[in-house]
S.K.: 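Right, I'll just put the structure down here and ask away after.
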Amino acid sequence: MTLGERIQELRKARGLSQEGLGDLLGVSRQAISKWESDITIPEVDKLIAISRRFEVSVGYLLGVEDNKPIPEQQPAPELTERELTAVEAIVNRYLEQLEQTRPKPTPQPRRWKWAAVVLAVLLVISWSSISKLNKRIGQLSDQTQNVQNQVIGVENTVSDQINSLTGRLEKLLEAQNHLLSEWDCTLTDYIPGEKAVFSLSARPKEYVTGMSAEFRAEHSASESVSVPAQWNGRTFTAQMDVPLWDDPAFSILLDDGQSRKSQPMETSPVYMLKSDFGLHVPSMGSQTVTCRLTRQEELILDKQVNFELEAHTPGKFNRELLRPIRLTVLMHYGTQLLLRRELNPRDWVAEDGWGHWDVDVSGTYQVQGEEDLVVEVLITDNFGQQNTWTITNKDIKYE
């Protein structure tokens, strides 16, 4: 078998096309075709690259030894200029002889010619030198990547600093252009289902004798309320009834007799007057020891359900207003209702607006089919609001 035939055999065994192998070695498809047709032979560095790619020795490729792993060589000195010239001369002489004997080369002379090339290569090529070169190239690649990462890090840092400075500048300009030196919007009363009462105050940076003001709260372009402000010699103040809107926007309108200017009054915290009133379950879970379905369609449970309940009121205002009056635990298996249990809300701590319950739903239940197990907690508060919280158990073992 010739060198070209061995290259073709190894390429096909790896499922590579001539073009694919050429891409791996950095040569054209035509070069691979000429190698496999024994029209030309690979250069020494390509021969070494082929042996490494297919994990065979150069001697095996040239047909002078069996297919064995490439032996590890001892470190050798770098090639001298004279040795490199000798290698080039040997390869050139072989190529000249190959051209003279074509198109009908005899197998035996070709074998000796390949052997001569192998001997020349083994005499002057240092595997350790090539390994050192590859290692050095890898180190340079790593260093280049590190430099690139450092450049990217510097760019990100500079970008963050620019964004930070831009934000600070915008806030500084906004503060300089603000019409007020101080202001406050405080929730002072909350009537569930009806309204919230806010205490508003604002001090203008520049007060003109006779200046008047009006506080405004808006929910949308079509929903707003306003109230005139009173000047106490230092600030404008007012009490305002606000509908139960989520995140109302407050502002003040200042009139100095010559111009009317409006200034937004940001609030902290954000007041969710409608949606932030009710009983919520911040934590709900279950502990299951057994949850399996027998062949007789009996669902066997050893299961504990636990949940916490908290009162949510806008701005944490007067949580004692809100409390549970009914707690119901329902357990469903698909569409089948397996359990309904009423809980006693006595564990509710009114002054903290908090409570915790543990429910044992263990037992054996007659069911049909293979479904998910769902546990629901239905909560009704003293204002008639209802919430539902759910746990689904999909880890049922079927026997």
Side-chain angles (χ1 to χ4, degrees), residues 160-280 282 310-322 352-353 381 383 385:
D160 291 342
Q161 291 176 349
I162 291 175
N163 291 334
S164 177
L165 290 174
T166 301
R168 291 165 59 185
L169 181 59
E170 290 176 351
K171 290 182 178 180
L172 179 61
L173 293 175
E174 182 181 349
Q176 289 179 346
N177 296 328
H178 210 287
L179 300 178
L180 306 176
S181 60
E182 60 181 50
W183 65 92
D184 185 49
C185 305
T186 304
L187 178 65
T188 57
D189 197 6
Y190 186 85
I191 304 175
E194 295 185 24
K195 64 181 180 180
V197 181
F198 282 85
S199 176
L200 307 174
S201 66
R203 177 191 295 181
K205 287 183 177 179
E206 296 182 5
Y207 176 78
V208 177
T209 303
M211 177 182 283
S212 63
E214 178 182 284
F215 289 108
R216 178 183 295 268
E218 294 179 292
H219 182 238
S220 65
S222 59
E223 294 182 296
S224 65
V225 293
S226 60
V227 62
Q230 303 296 322
W231 177 252
N232 61 12
R234 186 173 180 271
T235 58
F236 286 106
T237 62
Q239 294 289 320
M240 176 184 285
D241 293 344
V242 178
L244 299 184
W245 297 328
D246 279 346
D247 193 16
F250 293 92
S251 62
I252 186 171
L253 181 64
L254 298 174
D255 187 348
D256 61 5
Q258 296 182 351
S259 62
R260 292 165 60 88
K261 297 180 180 179
S262 179
Q263 177 65 60
M265 301 167 55
E266 299 82 1
T267 65
S268 180
V270 174
Y271 292 103
M272 309 300 289
L273 300 178
K274 182 178 181 180
S275 61
D276 203 15
F277 181 83
L279 298 176
H280 295 256
E310 285 185 351
H312 281 200
T313 56
K316 310 302 180 185
F317 181 82
N318 196 5
R319 290 185 175 185
E320 295 185 32
L321 285 173
L322 196 61
D352 295 334
D381 63 32
F383 290 94
Q385 300 179 116

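If you're wondering where the values come from, they're calculated on a predicted model, not measured in any experiment.
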S.K.: Flag yes if more than 12 heavy atoms outside Lys205 fall under 6.0 Å of its NZ atom; otherwise flag no.
M.R.: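 Buried by this count: over 12 neighbours within 6.0 Å.
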S.K.: Closest heavy-atom contact between Met211 and Pro204?
M.R.: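 Nearest pair, atom of Met211 first, then Pro204: SD-CG, 4.4 Å.
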S.K.: Output the distance between atom CG (Leu321) and atom OH (Tyr190), rounded to the nearest 0.5 Å.
M.R.: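 Here the rounded value is 9.0 Å.
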S.K.: What's the separation between atom CG in Leu200 and atom CH2 in Trp183, rounded to the nearest 0.5 Å?
M.R.: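 Answer rounded to 0.5 Å: 13.5 Å.
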S.K.: Tell me the closest heavy-atom pair linking Arg319 and Ala311, and the distance in Å.
M.R.: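 It is NE-O, 3.6 Å.
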S.K.: What's the spacing between Leu180 CG and Thr235 OG1 if we round to 0.5 Å?
M.R.: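 These two atoms lie 11.0 Å from each other.
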S.K.: Quick one: list whatever passes side-chain hydrogen bond (donor to acceptor under 3.5 Å, both in side chains) with Lys195, sequence neighbours left out.
M.R.: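 In terms of side-chain hydrogen bond (donor to acceptor under 3.5 Å, both in side chains), with neighbours along the sequence ignored, Lys195 is linked to Asp241.
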S.K.: Relative to the ring of Phe277, is the ring of Phe383 parallel (under 30°), tilted (30 to 60°) or perpendicular (over 60°)?
M.R.: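 Phe383 and Phe277: perpendicular rings.
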S.K.: Checking Asp184 now: which residues fulfil side-chain hydrogen bond (donor to acceptor under 3.5 Å, both in side chains) with it, not counting sequence neighbours?
M.R.: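 Counting only residues at least two positions away or on another chain, Asp184 forms a side-chain hydrogen bond (donor to acceptor under 3.5 Å, both in side chains) with Thr186.
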S.K.: What ring pair (Phe, Tyr, Trp, His ring centres under 6.0 Å) pairs are there with at least one residue in residues 241-262, not counting sequence neighbours?
M.R.: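 Qualifying pairs, neighbours excluded: Phe198-Phe250, His219-Trp245.
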S.K.: Please identify which of these residues, Pro264, Ser262, Ser251, meets the side-chain contact (heavy atoms from CB on, under 4.5 Å) condition with Arg216.
M.R.: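 For Arg216, the side-chain contact (heavy atoms from CB on, under 4.5 Å) check succeeds only for Ser251.
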S.K.: More than 12 non-hydrogen atoms from neighbouring residues, nucleotides or ligands closer than 6.0 Å to CD on Gln239, yes or no?
M.R.: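 Yes - once you tally the heavy atoms of other residues, nucleotides and ligands closer than 6.0 Å, there are more than 12.
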S.K.: So, using salt bridge (Lys or Arg N to Asp or Glu O under 4.0 Å) as the criterion, who are the partners of Glu218 when residues are at least two apart?
M.R.: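 Per chain and number, Glu218 pairs via salt bridge (Lys or Arg N to Asp or Glu O under 4.0 Å) with no residue.
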S.K.: Taking all heavy atoms of Pro314 and all of Met272, pick out the closest pair and write down the distance.
M.R.: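 The answer is CG-O, 3.6 Å.
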S.K.: State the CZ-OG1 distance between Phe317 and Thr188, to the nearest 0.5 angstrom.
M.R.: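 Interatomic distance, Phe317 CZ to Thr188 OG1, rounded to 0.5 Å: 6.5 Å.
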S.K.: Just verifying a value: how many Å separate Ser212 OG and Phe236 CZ, rounded to the nearest 0.5 Å?
M.R.: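 These two atoms lie 6.5 Å from each other.
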S.K.: I'd like to check the salt bridge (Lys or Arg N to Asp or Glu O under 4.0 Å) partners of Asp247; sequence neighbours left out, ordered by chain and number.
M.R.: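 Residues passing salt bridge (Lys or Arg N to Asp or Glu O under 4.0 Å) with Asp247: none at all.
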S.K.: Of all heavy-atom pairs between Met265 and Ser201, which one has the smallest distance, and what is that distance?
M.R.: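 Minimum heavy-atom separation between Met265 and Ser201: CE-O, 3.7 Å.
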S.K.: Give the minimum heavy-atom separation between Leu244 and Gly193, together with the two atoms involved.
M.R.: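 Reported closest heavy-atom pair: CD1-N, 3.4 Å.
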S.K.: Let me confirm one number: the OG1-CG distance from Thr209 to Asp256, rounded to the nearest 0.5 Å.
M.R.: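 It is 11.0 Å, given to the nearest 0.5 Å.
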S.K.: Restricting to pairs with a member in residues 264-274, which pass side-chain hydrogen bond (donor to acceptor under 3.5 Å, both in side chains), not counting sequence neighbours?
M.R.: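 side-chain hydrogen bond (donor to acceptor under 3.5 Å, both in side chains) check on residues 264-274 returns no pairs.
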S.K.: Of the non-hydrogen atoms in Ser259 and Lys261, which two are nearest, and what is the gap between them?
M.R.: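 It is OG-CE, 3.9 Å.
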